[in-house]
Number of protein chains: 2
Amino acid sequence: MGRPPTNTKLRLLETAHELIWRNSYGAVSVDGICEKANVKKGSFYHYFPSKADLAMASIDWWMTNTIPFLDDIFSPSRHPIDRFTLLIDFIYEKQEDMRIEFGQVCGCPFITIGSELAAQDEIIGAKISAITQQKMTYYQNALRDMIAMGLIDEKTNVELKAEEIYAFITGNMMLARIKNDLKFMKTSLKPSLMNLIGVNLSAEDLKKLTI
Amino acid sequence: MGRPPTNTKLRLLETAHELIWRNSYGAVSVDGICEKANVKKGSFYHYFPSKADLAMASIDWWMTNTIPFLDDIFSPSRHPIDRFTLLIDFIYEKQEDMRIEFGQVCGCPFITIGSELAAQDEIIGAKISAITQQKMTYYQNALRDMIAMGLIDEKTNVELKAEEIYAFITGNMMLARIKNDLKFMKTSLKPSLMNLIGVNLSAEDLKKLTI
DNA sequence: TCGGTATTTGACTAATCAGTCAAATATAGA
DNA sequence: TCTATATTTGACTGATTAGTCAAATACCGA
């Protein structure tokens, strides 16, 4: 029935996500997105009613892409400590890839755009908050397994601890973006995170946690 | 000699700082700053060569304003644990004030603008990185006193620990901005920070750390 | 081959953007 | 009162912004 669908919408989502992540929402124009995606402006507004709508959709699209990776990393079949160390590996590798390709450590796309726009647009604030909550759920699940295995204090408040972990990791990613430097993330984030979680590792084991 | 100086430049610095902090660099226009500061555009460009220059100057201005508070909070005459709890009080009170006045938790102005612009403007990235380093120096100083007093492990790497503390606090401020919610900062940040620092407090003492 | 439908195009608008500049103004010191 | 100097003004530009729209196009299924 009619003209067949194309990948135009997807190209717009991908391009918007990359440009906004590497720069910022305010620094990226609809014209810029269209040019890079090789899409005419008329087509843009055929698929998205506004620039803000595209940004929202690209956030959703990226989170949907991310979930399978999180499901793998936080698979209950893994040792819970490995889940967190794998998470740091996953984050570090992506950041390093972007640093090599674009010359810029880009940090967390959700937090970057959330920090920029949450104060002006409460819908985007709510969306990023929901993503934050969703990620913390993975952490809570792993923390409960750690308690069950006697790896951390059984009186640990997993909701609070998950929020600490999230703040700590995103704080590091933010600083890495600002300093355009992955040194701390590469050499210290894993052992620091283990200390924050409260898991007891030998000095030897801690040393192994540098990427 | 000639027409006497006015507070026009200061009004521009204050206004730019407030508007950028509450919104974002990209969302604030030179016209908007001028209108709020009651300054004509010609005067703006008499004092600042560009919008970016004003933003840089407003960052410097705010940091200069902040230093006396940090000097007080991190006075060597204070108990080092008190320095950190006072720091959290200081941060929380400012955030709560802005939440009441503007309806919005605004987070850290340096990190917010740094996250937005560091990838596009390496000068601003370097400036925020320097401010970050300057703040961590206060933390390092306090950590060394804690070691001397036997409050934390003497083998603590104070440079790394200071970076952890900074990432943790700024991560929390960023999340507070995105969620427009100070709950965690009010009830949990102090004890969480004490745990991260590695200071041993009794359960009773920990409970006292809610603001 | 043709009709219906989704997609694409390019020219368009109106608003806003950062930035310019020559002229007007105010005042301290001579 | 005069002059040097710093400040202020308001109209101006040219570029860029997000967003609009009617017409053209492509193709599936009948």
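Each chain gets a letter, A, B and so on, in the order the sequences are listed, and its residues count up from 1. The structure displayed is predicted, hence computed values, not measured ones.
- Using a 4.0 Å cut-off, some side-chain N or O of Thr8(B) falls inside it from OP1 or OP2 of dT8(D).
- Across the interface with DNA chain C, nearest-nucleotide mapping of Val28(B) and Asn7(A) shows Asn7(A) to be the residue nearer the 5′ end.
- Crowding of Ile123(A) atom CD1: a count of heavy atoms from other residues, nucleotides or ligands under 6.0 Å not exceeding 12.
- Ring-plane geometry between Tyr166(A) and Tyr139(A) is classed as tilted, the angle between the planes lying from 30 to 60 degrees on a 0 to 90 degree scale.
- The nucleotide whose nearest atom lies closest to any side-chain atom of Lys40(A) is, among dT20(C), dT7(C), dG10(C), dG10(C).
- At a threshold of 4.5 Å between non-hydrogen side-chain atoms, the residues Leu70(A) and Leu87(A) count as touching.
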Side chain to side chain donor-acceptor pair (under 3.5 Å) assessment of Glu164(B) paired with Ser192(A): CA-CA 7 Å; Glu164(B) 291 179 27; Ser192(A) 294; 2.6 Å; yes
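- Of the residues in residues 47-59 of chain A, those placing a heavy atom less than 4.0 Å from an atom of DNA chain D are Ser50(A), Lys51(A), in numerical order.
- Nearest to the side-chain atoms of Val30(B) among the listed nucleotides dT7(C), dA18(C), dA18(D) stands dA18(C).
- With respect to Asp181(A), the salt bridge (Lys or Arg N to Asp or Glu O under 4.0 Å) criterion is satisfied by exactly one of Lys179(A), Lys183(A), Arg177(A): Lys183(A).
- Residue His46(B) places at least one side-chain N or O closer than 4.0 Å to OP1 or OP2 of dT7(D).
- Of the candidates dT9(D), dA18(D), dT20(C), the closest approach to any side-chain atom of Tyr45(B) belongs to dT20(C).
- In this model, a side-chain donor or acceptor of Lys41(A) finds a partner on the base of dG19(D) within 3.5 Å.
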Base-pair map of DNA chain D as dot-bracket, where | denotes pairing with a different strand and pairs are Watson-Crick or G-U under 3.5 Å: ||||||||||||||||||||||||||||||
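- Between the NZ atom of Lys9(A) and the C1' atom of dT8(C) there is a distance of 16 Å, given to the nearest Å.
- The pair Arg11(A)-Glu14(A) does not count as a salt bridge, with every side-chain nitrogen at least 4.0 angstrom from each carboxylate oxygen.
- Taking a 6.0 Å sphere around CD of Glu159(B), one finds it holds more than 12 heavy atoms contributed by other residues, nucleotides or ligands.
- Counting heavy-atom neighbours within 6.0 Å of Phe102(A) CZ, excluding the residue itself, gives a total above 12.
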